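The structure under discussion appears below in the form of structure tokens.
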Amino acid sequence: MFESLSQKLEAVFKKLRGEGKISEQNIAESLREVRRVLLDADVNYKVAKQFIEDVQKRAVGTEVLNSITPGQLIVKIIHDEMVKLLGETKAELRFSQNTPTVILIAGLQGSGKTTFSGKLANLLKSKGLNPLLVAADIYRPAAIDQLIALGKQIDIPVYSDRTSLGMGGAVKIAVDAIDHARKNVRDTIIIDTAGRLHVDEEMMAEVAAVKEQTKPHEILFVVDAMTGQDAVNSAKAFHDRLNFDGIVLTKLDGDSRGGAALSIRAVVQKPIKFIGVGEKLDALEPFHPDRIASRILGMGDIVTLVEKAQERFDEETAVRLEEKLRKSQFTLEDFLEQLREIKKMGPLSQVMGMLPGANRLPANAQVDDSALGRVEAIIQSMTNEERQRPSIINGSRRKRIAMGSGTTVQEVNRLLKQFDEMQKMMRKFSKGGKRRAMQGMRFPMN
Amino acid sequence: MGLFEKLKAGLAKTRESLFSKVTHLVTGKSKIDAETIDRLEEILLSSDVGVATTATILDNIKRRVKEEKYETPEHLQTLLRDEIAKVLQVNGKEEPGEIAEHPATKPWVVMVVGVNGVGKTTTIGKLAHNYTKAGYKVIIGAADTFRAAANEQLEIWAKRAGVEIVQQQHGADPASVAFDTLGSALARNADVVIIDTAGRLHTKANLMEELKKIKRVMDKRLPGAPHEVLLVLDAATGQNALQQAKFFNEAVGLTGLAITKLDGTAKGGIVLAVSNELKIPVKYIGVGEQIDDLQPFHRREFVAALFESQ
């Protein structure tokens, strides 16, 4: 899935080397590739079409600089256009002069409204505000319980009323909640409404009525990043009804390319204010258009990878490792630990996919997750002493380790040799030859 | 800002279903020309069928048009219907019966998996209802011990369907809930066991490991269980559904798909892509919020219904 756009475009443009300008003829084929990439990323068909026409207009006639290839230039133009269309980073919410500020959360079923409400409340609380969560989803079984449980986790009060049912119920709850907030000195209220299909006339009228009666200062539309072509229809329908102020893109911690972001932005000119990146209640981030653009284009998302690594790499382990590196005491035991940290980041093939340039590997050099497993097995088949001092591993020990791990002596040899090289490298590293040592560093995997 | 205006106008009210558009498209045409193919491509792509599967369908159609002669719009419609139904046919299997799988052993164990927010719990409620209605004794295992109030939600569905539920406290080991549920099912002589699991993104290695463990533990308690592993997919999901199906399949071996929320404007074209590329059969479709809104998937009926203009 990580066939990269630039790689494909390079192939197209190989034939065109020597042509100094991008012309309509030489760009046509490459734009077909771009279209495919966009559609694979779930960018709406019509949005993709319009987008490509715009790029073509901008690109034709552009001089190809000597320092970059035409493929790279086109990718840059596309990337820039996309960033422009996605809008700027903008996570501010509108707050009222007179408390309480009312924030209304709306969206389709399963888009992640309740979880987002909890995250937002948590964020506001950390900024010194006193939010009140309001359970206005009176339809889904146990929706109220879910919000109450979330509120308890982050120690934020939840307003609910299990006696308000039927069509007017949600409106009454929301209106009462404002009163409740005033009496209980809560300065911000977050109304979590029921998920609804945009074609459900009755339910759309309900959320419009909640808006009418509570006059929210901020209305956020929550949408699942994995949504396909239909994203434009639901976003538009909600926008027609609510004229919302911002978009929240959830579940971006998966591997969806998030083309829905572009589609929605194209039909509704409202900023994407937050992105949801996990189930934990602090997994809420401001939106970075350049990162999403890279993701939609399949160009790798190095920033996310680094962040993921930081998140996964337990700090204590890191400090301990650093200490060992300094003292040149890096053992196979530590190596195993490091391996496990990497594995926590997800399947290796995906971690690799986030690296720019990973797509330049030949297709048959695909990373094999089971290789990690074999290395793990080999190390686990060693005694403690062997792990500390690999130099004692002689021929018969190697045979035993290979038997024990279900691998071959050759594989054990390879691992030991690579580990030895790595240790040497680290010694150089700790002696200050940093740059060169890093360049030569390789994980003993393949 | 011209772009926005144009798009807004262009995207307004695209409520017709995929095939009412097709019908419209071929009405009055006696042969398939390049323009027809282009329009057809647009229709398929805007229904989430995906680039690869769309290409397969179009290639087949072009080939058949060349080989056979289609002279009337009716012929053309039959051809389209044929090719689309073909994509939905997995391993030559015809559609299942009233409830997708009649219990072949006792207890028949169904494990339900999927990413967050696709409608797993709702689907389980409806599935339990279907089995109960067919005269089977059902037990549900609440192995989503992670999400806040997941138990409560499932409990309400269990009550609606009139079935028993086995649960532990929030945060308990889901594998142990599954293990207990099978134990209860055996003790109480139940016909069908449905195990709910927490929603998880398919990219989370740890959570996928947890899912494998739940499955392993079930097999220990009752060799052969689970007999059915259903992946629930949201009809509005785009191409990522392929990734979901692929990863879940690798982890726990899927036996079928349930597509939910087909009552919106999402056309569920991803069903074609998943069937075509991964050869996993669709077994159920969810078309509403009521307890009897889960229907067994009938390929021919599905395609026929799509062809009906509204």
Side-chain angles (χ1 to χ4, degrees), chain A residues 1 36 39-42 44-47 50-51 54 85 108-112 114-115 118 139-150 153 197-200 224-234 236 250-251 253-257 259-260 266-267 269 279 343-347 350, chain B residues 1 3-4 6-8 10-12 14-15 42 45-48 50-52 115-119 121-122 125 146-157 160 170 200-206 234-244 247 260-261 263-267 269-270 289:
Chain A
M1 74 165 283
R36 195 195 158 100
L39 289 171
D40 273 340
D42 290 322
N44 179 272
Y45 179 84
K46 287 182 174 139
V47 175
Q50 187 66 52
F51 180 76
D54 284 8
L85 189 57
L108 298 173
Q109 288 102 334
S111 52
T114 304
T115 305
Y139 307 97
R140 193 177 58 134
I144 297 175
D145 300 303
Q146 188 189 351
L147 197 65
I148 290 175
L150 282 178
Q153 279 175 41
L197 280 170
H198 51 290
V199 288
D200 188 333
D224 184 330
M226 297 181 280
T227 312
Q229 298 285 321
D230 203 45
V232 287
N233 296 325
S234 49
K236 194 171 175 300
T250 60
K251 303 182 206 171
D253 43 336
D255 61 352
S256 76
R257 304 255 300 274
V267 283
Q269 255 197 306
E279 294 186 69
K343 269 173 89 178
K344 271 196 230 161
M345 285 163 58
Q350 272 180 47
Chain B
M1 292 313 127
L3 173 61
F4 294 112
K6 267 181 280 173
L7 283 168
K8 259 189 214 167
L11 291 164
T14 44
R15 285 195 188 173
E42 176 183 341
L45 288 175
S46 8
S47 311
D48 288 318
V51 179
V115 302
N116 317 65
V118 289
T121 307
T122 307
F146 179 79
R147 199 188 64 165
N151 272 359
E152 286 82 346
Q153 187 187 353
L154 195 59
E155 230 172 87
I156 292 168
W157 277 108
R160 284 184 193 168
H170 181 76
R200 66 201 71 221
L201 286 176
H202 50 290
T203 50
K204 308 260 161 146
N206 293 348
D234 184 331
T237 308
Q239 301 310 303
N240 194 250
L242 278 170
Q243 292 295 111
Q244 293 171 23
F247 278 67
T260 60
K261 309 183 199 173
D263 45 335
T265 50
K267 290 142 200 143
I270 194 63
E289 297 187 48

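Note that this is a predicted model, so its numbers are computed, not measured. Reminder, nothing fancy here: chain letters follow the sequence lines and each chain counts from 1.
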Reported [atom1]-to-[atom2] distance for the pair [X] and [Y], which is rounded to 0.5 angstrom:
X        : Y        : atom1 : atom2 : value
A:Lys251 : B:Asn240 : NZ    : CG    : 10.5 Å
B:Gln244 : A:Ser256 : CD    : OG    : 9.0 Å
A:Asp200 : B:Asp263 : CG    : CG    : 8.5 Å
B:Leu242 : A:Asp40  : CG    : CG    : 9.0 Å
B:Glu152 : A:Ile148 : CD    : CD1   : 9.5 Å
A:Asp253 : B:Asn116 : CG    : CG    : 8.0 Å

Is there a side-chain contact (heavy atoms from CB on, under 4.5 Å) between B:Gln153 and A:Arg140 once you walk through the steps?
CA-CA 8 Å; B:Gln153 187 187 353; A:Arg140 193 177 58 134; 3.8 Å; yes
Evaluate side-chain contact (heavy atoms from CB on, under 4.5 Å) for A:Thr227 paired with B:Asp234, printing each intermediate quantity in order.
CA-CA 9 Å; A:Thr227 312; B:Asp234 184 331; over 6 Å; no
Is there a side-chain contact between A:Asp255 and B:Leu201, using heavy atoms and a 4.5 Å cut-off?
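No, too far: nothing below the 4.5 Å cut-off.
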Residue list, side-chain hydrogen bond (donor to acceptor under 3.5 Å, both in side chains) with B:Glu155, at least two apart or on another chain
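B:Glu155 satisfies side-chain hydrogen bond (donor to acceptor under 3.5 Å, both in side chains) with B:Gln167 only.
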How far apart are the closest heavy atoms of [X] and [Y], and which atoms are they?
X        : Y        : answer
A:Ala149 : B:Ala148 : CB-CB, 3.5 Å
B:Ala149 : A:Gln146 : CB-N, 3.2 Å
B:Thr203 : A:Gly254 : OG1-CA, 3.5 Å
A:Leu39  : B:Gln239 : O-CG, 4.0 Å

Top contributor to chain B contacts, counting heavy-atom pairs under 4.5 Å, from A:Thr114, A:Leu147, A:Asp145
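If we count pairs closer than 4.5 Å to chain B, A:Asp145 comes out on top.
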Between the main-chain N or O of A:Leu108 and the side-chain N or O of B:Lys261, is there a donor-acceptor pair closer than 3.5 Å?
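Here the side-chain-to-backbone pair does not exist.
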Go through the steps for A:Tyr139 and B:Glu289 under the test side-chain contact (heavy atoms from CB on, under 4.5 Å), then give the verdict.
CA-CA 10 Å; A:Tyr139 307 97; B:Glu289 297 187 48; 5.6 Å; no
Just do the side-chain contact (heavy atoms from CB on, under 4.5 Å) check on B:Glu42 and A:Lys46 with the steps written out, would you?
CA-CA 9 Å; B:Glu42 176 183 341; A:Lys46 287 182 174 139; 3.7 Å; yes
